[in-house]
Q: 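Mind having a look at this structure? Questions to follow.
Scope of the values below: all heavy atoms of this structure, side chains included, with no hydrogens, waters or symmetry mates.
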Amino acid sequence: MQDFVYQSAPMRVVFGTGTLHQLPDELSRLGVTRALVLATPRQKDLVAGIREMIGEHFAGVFTGAVMHTPVEVTERAMETVREVRADCLVAIGGGSTTGLGKAIALRTDLPQIVLPTSYAGSEMTPVVGQTSGGIKTTQSSPKILPEVVIYDVDLTMTMPPKLSATSGINAIAHAVEALYARDRNPVISLMAQEAIRTLTHALPKICAQPNDKTARTDALYGAWLSGICLGAVGMALHHKLCHTLGGSFNLPHAETHTVILPHALAYNAPAAPDAMTRIAAALGVSDAALGLHDLARKLAAPASLREIGMPESGIDQAADLAVKNPYWNPRPIEREAIRELIARAWRGDAPENAIG
Ligand SMILES: NC(=O)c1ccc[n+]([C@@H]2O[C@H](COP(=O)([O-])OP(=O)(O)OC[C@H]3O[C@@H](n4cnc5c(N)ncnc54)[C@H](O)[C@@H]3O)[C@@H](O)[C@H]2O)c1
Ligand SMILES: O=C(O)CCC(=O)CC(=O)O
């Protein structure tokens, strides 16, 4: 075992079914009285229930959250923060809503309560990615880490099978890269393996039967563990590629992760054999990259960047961006090999080491 440093995040987590109803108590614990509720346009109906539940502590609402946290949207939301004199943020939704709350917290240090409805895991990290002029950059600060996260399985029941599949694989990606992180540690590695194992079992059940509450509970538990991994140790090539592609071509986040993950693993496999063994064991297969490719096919998830909206002409640009300021990665970043990885992902080929 390599030497390690372990630090856990200073936050409170409430997990269960029907836990949304603990929101008023959590607001009281924080000593706040003017909540600004954040959501996406698609999930604005959730706000009415919250308004009723928190009564006089409801200060206002902003339902304009969108993917990749564009700074123009954050600036519009900041006007609402000022208008309603919010003293806290309640973000209910997937990673896009959480991202907006984090971007506001970065600017104001307002406390945040997050109610995740997808498996993205952003609620567990002190990181926000913001997009300006078509470039997405990430930033970390203690101000960004939410104070309270309320996981309510009921909020995930409405996730359609396609989003459940891709969001679940987005979560698996955090756990996968934690296993070969330069700053990995044994506790996070245990969580990562458990996250991969739990999600791998739960996702096929959810896609077959979206109202399977036990599978939904397991998946949310796996997503929480994955989010802890994402917040605790450094991510590598896979996350760098996904945020570059997502920000530059406005690609859907979870789908991008789903398409890229088997290819990023195939790239890193020769340099991280121990991690690959652990990932394969957690997936219940003999080859990690192929196992993830097969899981995505079983879940009928998108297989190519082409089908999720990336133009073929973007392959070279993406390769250039990916090698610029790269994250630490177990295998050195080689531009031509990265270009080939992106081209394979664009076409929807199997990962490289799966051929033959
Ligand atoms: N900073 C971090 O640590 C971190 C980590 C992961 C993701 N992210 C960011 O999060 C964003 C992606 O998050 P996402 O994949 O959750 O997408 P999202 O939040 O945009 O959700 C996708 C769509 O599904 C809807 N949705 C979410 N949950 C639903 C539910 N239970 N039922 C019905 N519809 C639902 C949303 O309203 C939205 O329209 C990206 O911007 C990404 O960069 C950040
Ligand atoms: O907040 C972001 O957009 C950057 C971190 C991130 O997206 C993690 C991920 O790729 O899932």
Q: Between Arg297 (side chain only) and Ala301 (backbone N and O only), is there a donor and an acceptor less than 3.5 Å apart?
A: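 At least one qualifying donor-acceptor pair exists.
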Q: Centre of Phe4's six-membered ring, under 6.0 Å away, within 45 degrees of the axis: is that where NZ or CZ of Arg184 sits?
A: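 Geometry flag: not set, cation outside 6.0 Å or 45°.
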Q: Can Asp154 and Lys213 be counted as an ion pair, charged N to O under 4.0 angstrom?
A: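 Counted as a salt bridge, because a side-chain N and a carboxylate O are separated by less than 4.0 Å.
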Q: Looking at OG1 of Thr156 and OH of Tyr151, how far apart are the two atoms once the value is rounded to the nearest 0.5 Å?
A: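 These two atoms lie 11.5 Å from each other.
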Q: How are the rings of His257 and His239 set relative to one another: parallel (under 30°), tilted (30 to 60°) or perpendicular (over 60°)?
A: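 Because their plane-to-plane angle is over 60°, the rings of His257 and His239 count as perpendicular.
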Q: More than 12 foreign heavy atoms under 6.0 Å from NZ of Lys298: is that the case here?
A: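 Not buried by this count: 12 neighbours or fewer within 6.0 Å.
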Q: Can a donor-acceptor pair be found, under 3.5 Å and without considering hydrogens, that links the side chain of Asp287 to the backbone of Leu290?
A: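 Looks like yes, one N/O pair under 3.5 Å.
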Q: Examine Ile50 and Met157 and state if one hydrophobic cluster contains both, with Ile, Leu, Val, Met, Phe, Trp and Tyr joined whenever side-chain heavy atoms are less than 4.5 Å apart.
A: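 As far as the 4.5 Å side-chain criterion goes, Met157 and Ile50 are not connected within one cluster.
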Q: Please answer: with hydrophobic residues joined when any side-chain heavy atoms are less than 4.5 Å apart, are Met235 and Leu145 in the same cluster?
A: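 Cluster IDs for Met235 and Leu145 match.
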Q: Answer with yes or no whether the side chains of Thr74 and Gln130 bring together a donor and an acceptor at under 3.5 Å.
A: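 Their side chains do not contain a donor-acceptor pair, so the 3.5 Å distance test is not met.
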Q: Any chain of hydrophobic side-chain contacts (each under 4.5 Å) joining Val148 to Ile92?
A: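 Hydrophobic grouping puts Val148 with Ile92.
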Q: Is it the case that Ser164 and Arg216 place a side-chain donor and acceptor less than 3.5 Å from each other?
A: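 Their side chains do contain a donor-acceptor pair, which is all the 3.5 Å distance test asks for.
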Q: Side-chain contact, heavy-atom cut-off 4.5 Å: Tyr267 with Glu352?
A: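 Answer no - side chains too far apart.
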Q: Can you classify the ring geometry of Phe15 versus Tyr221 as parallel (below 30°), tilted (30 to 60°) or perpendicular (above 60°)?
A: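 Phe15 and Tyr221: perpendicular rings.
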Q: Between Arg339 and Asp320, is there a salt bridge with N-O shorter than 4.0 Å?
A: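 Judged by the 4.0 Å cut-off on N to carboxylate O distance, Asp320 and Arg339 do not form a salt bridge.
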Q: Under 4.0 Å between a Lys/Arg side-chain N and an Asp/Glu carboxylate O for Glu340 and Arg344?
A: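 Between Arg344 and Glu340 there is a salt bridge, with a charged N closer than 4.0 Å to a carboxylate O.
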Q: Side-chain donor-acceptor pair under 3.5 Å between Lys136 and His243, yes or no?
A: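 There is no such pair (donor and acceptor under 3.5 Å, judged by atom type) between the side chains of Lys136 and His243.
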Q: Is the closest side-chain donor-acceptor distance between Ser304 and Glu307 under 3.5 Å?
A: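 Yes, because at least one side-chain N or O of Ser304 sits under 3.5 Å from a partner of the opposite role on Glu307.
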Q: Answer with yes or no after comparing the ring centroid distance for His263 and His293 against a 6.0 Å cut-off, counting only values under it.
A: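 For His263 and His293, the ring centres are not under 6.0 Å apart.
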Q: Any ion pair linking Glu26 and Arg12 (charged N to carboxylate O, less than 4.0 Å)?
A: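 Salt bridge flag = yes for Glu26 with Arg12.
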Q: Sort and list the pairs that fulfil side chain to side chain donor-acceptor pair (under 3.5 Å) and have at least one residue in residues 78-101, not counting sequence neighbours.
A: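 Output for this query lists Thr33-Asp87.
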Q: Verify the distance criterion only: is there a donor paired with an acceptor across the side chains of Tyr119 and Asn170 at less than 3.5 Å?
A: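 Result is no, nothing qualifies.
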